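Notes follow the structure.
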Amino acid sequence: MESFPKIISVDDHTVEPPNVWRDRLPTKFHDVGPRIVRAPMKELTFVGGRFAPKMGAPGDDGPVADWWVYEDLHRPLTRLDTAVGYSRDDIKLEGITYEQMRPGSYSVPERLADMDVNHVQSALCFPTFPRFCGQTFTEARDRELGLLGVRAYNDWMVEEWCGPQAHGRLIPLTLVPLWDAELAAEEVRRNAARGVRAVCFSEIPPHLGLPSVHTDDWDPFLRACDETGTVIAMHIGSSSRMPSTSADAPPAVGSTITFANCCFSMTDWLMSGKFDRFPHLRIMYAEGQIGWIPYILERADVVWEENRGWGGVAEKVLRPPSELFAEHVYGCFFDDAFGLRNLDAIGAGNVLYETDYPHSDSTWPRSKEIGEEQMGHLAPEVVERIVRGNAIDLLGLTPEGLWAGAGRA
């Protein structure tokens, strides 16, 4: 491949600086709102898809980590949050401090420098402490504080992380208060007014104790996304439950089948009738890879054709699911040679590229080389579309691939 296009990554991550909420919440919430505390790690396990850290008391023995403390929640920063620059064999399940992570994880200038190293022009970043769709605030007791926490994160994301110092290269991705669809719609519209075109959502809301997409409960939120052109971005794990097979299954089992929640979620959406009701709605699956998509589309079409009479979808799913997928759904990948060999069965217009910086799965700093290896059989115009063109269209970026709202932040 003579020249590989500059990458627009639709799935990177930010590790929020310590002062994000303390600088933006009213003083009365400073002792209960999200804040960083340095303390020992008493215990840390990740088994059966469940992450279980235990914070020690000051003065206890054990390795020290920086912890986010919020109400009764104690959540450490871990090496899995920011693993780039470390050998794969040195990436362990352990707590860390800010000094022990690559500065590009939380600092814009260093992030841009690391993007340059990796042939990345622009990046859309998911959160860390709020978790992938803001579950942290949804699970909190104080709804007033939770709503303020969501809005504070969004203000930081738009005004600082994606502000003027990012030069349009960082693309905002915001949160909504998932516990109230009307408030969620208001937050979508508030951020759309300042140029935001992507919002986090859960792949399987019932896992969070929330309504499914088969109900009408989400309609205010979906309508706001439909009317503002805001894409709904769902990251693996955004249901607070990673796929696994048993309570004692090692993390390698879940890591192999991380696509499973995306598979279930996409089937939900295709059989929900929402795409017929909200014709401009678009959804994307971050870090779900794409190789599994052709079979699901084939099977969904067969079920729709043969079983829709008794399958509960005849009156609401008006077209074959594969047609709905082509118009409304995007799969995202960073390392999926099999999916790229079967691109015709997915659709070049429905695929987005990502680098997953700074997570342990990240292809940094070899995203370009891996892309060249896996896309070498594709026509240059198809590669251009996958690596940047689809993202430009979906996220409303400038022709150069930059976020146009940066000057307004």
Side-chain angles (χ1 to χ4, degrees), residues 7-23 34-38 41 44 46 51 53 63-70 75-88 90-134 136 152-154 156-163 165-167 169-175 200 233 235-238 286-287 334 354-367 403:
I7 297 166
I8 297 177
S9 174
V10 297
D11 171 31
D12 285 356
H13 299 265
T14 178
V15 176
E16 300 81 17
N19 62 337
V20 168
W21 287 275
R22 199 166 185 85
D23 286 353
R35 60 205 182 276
I36 285 289
V37 173
R38 186 159 292 186
M41 176 72 69
L44 180 59
F46 187 27
F51 179 64
V64 171
D66 282 335
W67 296 72
W68 281 106
V69 178
Y70 172 39
R75 198 278 191 196
L77 300 179
T78 75
R79 177 55 64 210
L80 301 185
D81 293 328
T82 171
V84 291
Y86 286 78
S87 163
R88 297 288 186 185
D90 292 334
I91 299 172
K92 310 292 185 183
L93 184 62
E94 61 182 352
I96 61 171
T97 65
Y98 279 94
E99 290 81 4
Q100 293 171 304
M101 69 175 71
R102 194 171 182 89
S105 303
Y106 57 87
S107 172
V108 171
E110 285 86 351
R111 172 60 63 94
L112 298 183
D114 279 353
M115 289 164 61
D116 290 338
V117 169
N118 200 32
H119 199 67
V120 173
Q121 178 187 16
S122 305
L124 182 83
C125 297
F126 283 82
T128 297
F129 167 70
R131 311 217 299 284
F132 294 145
C133 67
T136 297
Y153 176 86
N154 292 341
W156 169 81
M157 167 63 62
V158 174
E159 297 166 7
E160 291 195 32
W161 185 252
C162 301
Q165 66 174 336
H167 307 293
R169 297 181 61 189
L170 295 174
I171 306 161
L173 174 63
T174 52
L175 304 175
C200 299
H235 195 285
I236 59 167
S238 56
E287 210 172 320
F334 57 80
E354 59 188 32
T355 78
D356 196 31
Y357 178 106
H359 282 185
S360 60
D361 271 342
S362 178
T363 51
W364 186 92
R366 296 191 64 252
S367 300
W403 179 49

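The figures here come from the full heavy-atom set of this structure, side chains too, leaving out hydrogens, waters and symmetry mates. Remember, it's a predicted structure, so these values are computed and weren't measured experimentally.
The nearest pair of heavy atoms linking G104 to R111 is O-NE, 2.7 Å. In terms of heavy atoms, L124 sits closest to P172 at CD1-O, 3.5 Å. Nearest heavy atoms, A233 versus F126: CB-CZ, 3.8 Å. Nearest heavy-atom pair, C200 versus P127, reported as atom, atom and distance to 0.1 Å: SG-CD, 4.1 Å. The two residues G134 and L175 make their nearest non-hydrogen contact at N-CD2, 3.8 Å.
Contact check for Q165 versus P109: side-chain heavy atoms found under the 4.5 Å cut-off. Contact annotation: the side chain of P130 approaches that of E16 to within less than 4.5 Å [non-hydrogen atoms, C-beta and beyond]. At a threshold of 4.5 Å between non-hydrogen side-chain atoms, the residues W403 and L170 do not count as touching. The shortest side-chain heavy-atom distance between T82 and T128 does not fall under the 4.5 Å cut-off. Put simply, the side chain of Y70 reaches to within 4.5 Å of the side chain of F129, judged on heavy atoms. Side-chain contact between W68 and L77: present, with at least one pair of heavy atoms (C-beta onward) separated by less than 4.5 Å. Looking at heavy atoms from C-beta onward, D12 lies in side-chain contact with Y357 at the 4.5 angstrom threshold. Contact annotation: the side chain of W364 approaches that of V117 to within less than 4.5 Å [non-hydrogen atoms, C-beta and beyond].
Of the inter-residue distances, the one linking N118 atom CG with R366 atom CZ reads 10.0 Å to the nearest 0.5 angstrom. Taken from CG in L112 to CE in M115, the straight-line distance is 5.5 Å, to the nearest 0.5 Å. To the nearest 0.5 angstrom, S105 atom OG is 8.5 Å from H359 atom NE2. Annotation: the span from R79 atom CZ to Y86 atom OH amounts to 3.5 Å, rounded to 0.5 Å. For the atom pair W161 CH2 and I171 CD1, the distance stands at 12.5 Å (nearest 0.5 Å). Interatomic distance, CZ of R131 versus OG1 of T136, reported as 4.0 Å (0.5 Å rounding).
Applying the side chain to side chain donor-acceptor pair (under 3.5 Å) test to D356 and every residue at least two apart in sequence or in another chain returns H13. A search for salt bridge (Lys or Arg N to Asp or Glu O under 4.0 Å) contacts involving D114 returns R102, not counting sequence neighbours. Shown here are the salt bridge (Lys or Arg N to Asp or Glu O under 4.0 Å) partners of D361, two or more places apart in sequence or in another chain: there are none. Here Q100 pairs with T97 under the side chain to side chain donor-acceptor pair (under 3.5 Å) rule; sequence neighbours left out. For E94, the side chain to side chain donor-acceptor pair (under 3.5 Å) criterion is met by no residue, not counting sequence neighbours. Remark: R38 pairs with D66, E99 by the salt bridge (Lys or Arg N to Asp or Glu O under 4.0 Å) rule, at least two apart or across chains.
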Requested in this report: Could you walk me through whether M157 and C162 pass the side chain to side chain contact (heavy atoms under 4.5 Å, CB included) test, one step at a time?
Outcome: CA-CA 6 Å; M157 167 63 62; C162 301; 3.6 Å; yes
**Report entry** side chain to side chain contact (heavy atoms under 4.5 Å, CB included) assessment of H235 paired with E287
**Finding:** CA-CA 6 Å; H235 195 285; E287 210 172 320; 2.9 Å; yes
Requested in this report: Please test V15 against Y98 for side chain to side chain contact (heavy atoms under 4.5 Å, CB included), starting from the C-alpha separation and ending with a verdict.
Outcome: CA-CA 9 Å; V15 176; Y98 279 94; 4.2 Å; yes
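Panel note: side chain R75, backbone P53; no donor-acceptor pair is recorded below 3.5 Å. A donor-acceptor contact shorter than 3.5 Å is absent between the side chain of T14 and the backbone of C125. Checked by atom type and distance alone, the side chain of T355 never pairs as donor or acceptor with a backbone atom of T363 at under 3.5 Å.
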